[in-house]
There are 2 protein chains.
Amino acid sequence: MEVPRKIPTIQDVARHAKVSAATVSRVLSNPERVSEATRARVHEAVRLTGYTINQAARTLRMQRAKTILMALPGIGNPFYSTVLEAAMQVATARGYGLLVTGRLGDDPARWLRDYYVSNRADGLLLFDGTLVTQTLHGIADDARQMPLVASYDDVPDPRINSVVTDNLEAAARAVAHLAEYGHTKIGHVNVRNESDLTKPHQRFSGFVQEMRRRGLEIREDWIQPGDYSMADGRRAAAAYAAMKERPTAIFTANDEMAIGLLAGFREHGIECPRDVSIIGFDDITVAKNYFPALTTMSQPRVELGRVATEALINLLEGNAGDGDPVHIVLPSELVVRQSTQRLAGG
Amino acid sequence: MEVPRKIPTIQDVARHAKVSAATVSRVLSNPERVSEATRARVHEAVRLTGYTINQAARTLRMQRAKTILMALPGIGNPFYSTVLEAAMQVATARGYGLLVTGRLGDDPARWLRDYYVSNRADGLLLFDGTLVTQTLHGIADDARQMPLVASYDDVPDPRINSVVTDNLEAAARAVAHLAEYGHTKIGHVNVRNESDLTKPHQRFSGFVQEMRRRGLEIREDWIQPGDYSMADGRRAAAAYAAMKERPTAIFTANDEMAIGLLAGFREHGIECPRDVSIIGFDDITVAKNYFPALTTMSQPRVELGRVATEALINLLEGNAGDGDPVHIVLPSELVVRQSTQRLAGG
DNA sequence: ATGAAAGCGCTAACAA
DNA sequence: TTGTTAGCGCTTTCAT
């Protein structure tokens with residue numbers, strides 16, 4: 001019956017090595033300030049005691065948690081899980097822990113900022129585009145500013161650091177691809193609600209922009225609402241199927257809606273790409289394994305997670321805050337597969 | 001030019017309310033031990049100062065971080081992202097933060113345990129089945145035990161708390177489904193490596209068990225290796241395609257491999273379900289939207305995340321450790337869709 | 001190069 | 001019911 005040993009503290013190590021706690025601390029963070037002999041003794045003592053630094057104490061003392069907070073709109077989305085994985089790798093490599101949160105309550109800004117004020121996280125990786133700029137500034141513009149990097153589909157406030165993909169351009173290219181294939185009757189599936197009227201999604205704007213540029217008619221009824229889920233893709237399919245006249249090509253704001261749309265169409269006897277061309281957005285893993293393989297705008301989501309996390313940590317460790325905001329735009333790429341086809345006789 | 005206010009501490013609140021810090025602390029954690037009048041004054045002071053408790057200080061003092069650590073084998077996997085989301089919701093609701101980690105380095109047990117020893121997390125949600133039981137015990141059986149709940153495909157050490165699905169049974173039912181459809185030539189795709197020889201995956205065992213029970217031949221070459229990725233599903237497809245004699249039905253250990261397998265087969269002109277029936281495992285979102293819609297064993301992954309997290313927090317808050325280990329088994333469910341078919345003339 | 005001492009912000013034991 | 005005091009484990013002046 002073993003007596004549970006106490007978790008060793010820096011004092012225990014000091015005693016073992018016959019030095020002061022201050023010296024142990026130095027060995028651990030500024031080894032060059034300690035003589036080689038002492039250093040060796042301390043390391044040995046660390047090994048012997050199995051000492052691990054107490055982060056809570058260190059955080060309290062240093063006012064830095066060595067932890068970053070990642071706010072996600074819905075982790076269930078495979079898109080974000082890849083981003084999360086990339087972020088985690090970078091964070092770990094640089095000695096940071098990664099807290100995740102999603103449920104933001106009725107005061108999202110406060111919810112997030114409390115992590116900072118309460119000394120649980122040093123900075124924020126914001127992947128949740130539902131927070132409007134105003135709210136965002138509630139986080140960043142406070143006296144006790146929380147360092148943050150935003151990364152989502154909309155173009156964030158220029159005062160806020162951001163790492164994004166060129167959503168507007170990419171959406172325009174998606175439409176251009178359809179147009180180049182001879183399609184003129186083009187539909188779109190995207191989020192549509194009041195907040196969007198004042199601040200439309202970049203992918204929506206890209207769609208509108210390219211349609212206008214090419215002089216193509218934008219038909220209201222061909223723009224179907226979708227919250228980025230497969231279920232909403234199916235719903236859109238039902239809506240299109242019920243129409244007398246349908247678009248010959250549809251651009252969905254993400255791959256999951258494209259898949260739902262395809263699946264839904266199939267149930268209505270509408271075949272892709274025979275009857276309709278569909279282009280998605282994101283290039284999630286399943287896109288190339290779907291049938292038909294999905295044409296899509298590929299997003300560098302590993303890069304997104306990696307770069308955003310690196311930017312944040314640099315911010316935290318560099319001369320924080322006194323530089324200009326960081327704005328990084330990563331390129332998307334058109335990946336043509338089987339779900340789009342030249343319009344027959346077009 | 002606003003001078004950045006200092007983050008208010010409990011002392012600031014105390015000063016405002018003209019009470020001692022201890023009283024403020026009491027109001028925040030044991031309100032009933034404080035008179036109503038004082039309580040009101042303190043609350044007002046909290047509001048005025050915008051006070052938020054300093055978690056680092058509290059953690060140091062109480063030796064509890066109010067944070068749980070979730071170890072995932074690969075968050076990229078959409079299966080786990082759903083579990084993660086469920087876990088996060090429960091954790092948040094019960095006042096816990098959720099740290100995630102994946103990169104476990106060369107000493108995974110130590111890596112995970114250090115979170116505990118260093119006072120960063122109070123307990124561990126272990127979703128990574130690659131840690132063998134021995135290693136696990138390195139985490140749990142230490143003098144400084146880290147409370148943990150394991151949840152993955154293999155049946156964990158009985159001394160360890162676990163929340164799992166009935167993988168072995170479910171796998172057997174998957175095979176039974178194929179057999180009932182008249183298939184006798186049944187293949188399987190699953191992880192295969194040395195560690196599996198000593199400790200085969202439950203889904204593998206379930207396959208073997210049901211095949212034996214029905215007196216069906218288990219052909220080594222029909223058991224293809226797969227690391228649960230779509231890419232490995234494709235690889236398996238290539239392997240099967242190259243065979244002179246192929247199975248008429250295949251059970252893959254997860255849906256992603258099933259999708260990869262289907263996509264791969266299609267490229268070789270092998271159609272599902274016409275030429276081969278395929279049953280997956282997990283029922284990821286895309287399964288029902290795939291073409292053909294995937295027959296699969298549905299796993300209650302939201303439940304899994306929820307129940308495991310609840311079990312862990314109960315453990316942390318209850319009379320921890322002195323009870324028997326918790327073992328919860330959640331049921332899987334057969335979902336028949338289009339990717340399996342009765343064997344023609346069978 | 002090393003040690004002594006103070007203090008980060010909180011809670012809990014004890015006193016009043 | 002409330003206040004005083006000590007101390008969680010660490011880092012960091014300031015001495016030596």
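The sequence lines fix the lettering, A, B, ..., with proteins before strands; numbering per chain opens at 1.
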Review point. What integer distance in Å separates A:Glu36:CD from C:dT2:P?
Key: 11 Å

Point to revise | Side-chain heavy atoms of B:Asn54 within contact of A:Ser118, under 4.5 Å | key: no

Point to revise | Residue closer to the 5' end of DNA chain C, A:Ser35 versus B:Ala22 (nearest nucleotide) | key: A:Ser35

Practice item. Hey, which sits more toward the 5' end of DNA chain D by its nearest nucleotide, B:Met62 or A:Arg58? Key: B:Met62

Review point. Toward the 5' end of DNA chain D, which comes first, B:Ala57 or A:Leu28, by nearest nucleotide?
Key: B:Ala57

Check your understanding: So A:Val326 and A:Ile328, side chain to side chain contact (heavy atoms under 4.5 Å, CB included) or not? Walk me through it.
Key -> CA-CA 6 Å; A:Val326 175; A:Ile328 300 172; 3.7 Å; yes

Check your understanding: Under 4.5 Å between any side-chain heavy atoms of A:Thr59 and B:Gln55, yes or no?
Key -> no

Exercise for review: Return the value, rounded to whole Å, for the distance between atom CG of B:Asn54 and atom P of C:dG7.
Suggested key: 18 Å

Practice item. Can you tell me the distance, in whole Å, between the CD1 atom of A:Ile10 and the P atom of C:dG3? Key: 12 Å

Practice item. Kindly say if B:Thr9 contacts the phosphate of C:dG9, meaning a side-chain N or O under 4.0 Å from OP1 or OP2. Key: no

Review point. Rounded to whole angstroms, how far apart are OH on B:Tyr51 and P on C:dG9?
Key: 10 Å

Point to revise | Distance below 4.0 Å between B:Ser25 side-chain N/O and C:dC10 OP1 or OP2 | key: no

Review point. When the distance from CD of A:Gln63 to P of C:dC10 is rounded to whole Å, what number comes out?
Key: 10 Å

Review point. Given side chains that start at C-beta, do those of B:Asp128 and B:Leu112 come closer than 4.5 Å, heavy atoms only?
Key: no

Check your understanding: Any idea which of D:dT11, C:dG9, D:dT1 is nearest the B:Leu60 side chain?
Key -> C:dG9

Point to revise | Nearest-angstrom distance from the residue atom CZ of B:Arg33 to P of C:dA16 | key: 17 Å

Practice item. Please determine if a side-chain N or O atom of A:Ser20 lies less than 4.0 Å away from the OP1 or OP2 oxygen of C:dT2. Key: no

Practice item. Report which part of the nucleic acid A:Ser29 touches: base, sugar-phosphate, or nothing (heavy-atom distance under 4.0 Å, all strands). Key: nothing

Check your understanding: Using the C1' atoms of the five pairs at each end, what is the angle between the end axes of the helix from C:dA1-D:dT16 to C:dA16-D:dT1, to 10°?
Key -> 40°

Review point. Rounded to the Å, how far apart are B:Gln11 CD and D:dT5 P?
Key: 13 Å

Review point. Between A:Leu148 and A:Tyr116, is a side chain to side chain contact (heavy atoms under 4.5 Å, CB included) present by the stated rule, with each step listed?
Key: CA-CA 10 Å; A:Leu148 80 89; A:Tyr116 179 64; over 6 Å; no

Check your understanding: Counting only side-chain N and O atoms of A:Arg61, is one of them less than 4.0 Å from OP1 or OP2 of D:dT12?
Key -> no

Exercise for review: Look at the side chain of A:Arg26 against the base of C:dG3 and say whether a donor-acceptor pair falls under 3.5 Å; ignore hydrogens and angles.
Suggested key: yes

Point to revise | Whole-Å gap separating P (C:dA13) and CG (B:Asn30) | key: 11 Å

Check your understanding: Reckon A:Thr59 touches a base, only the sugar-phosphate, or nothing at all at heavy-atom distances under 4.0 Å?
Key -> nothing

Check your understanding: Any ion pair linking A:Glu44 and A:Arg41 (charged N to carboxylate O, less than 4.0 Å)?
Key -> no

Review point. Checking side chain to side chain contact (heavy atoms under 4.5 Å, CB included) against B:Leu125, which of B:Ile313, B:Thr309, B:Leu84 comes through?
Key: B:Thr309

Point to revise | Check: A:Pro31 main-chain N/O paired with A:Arg39 side-chain donor or acceptor under 3.5 Å | key: yes

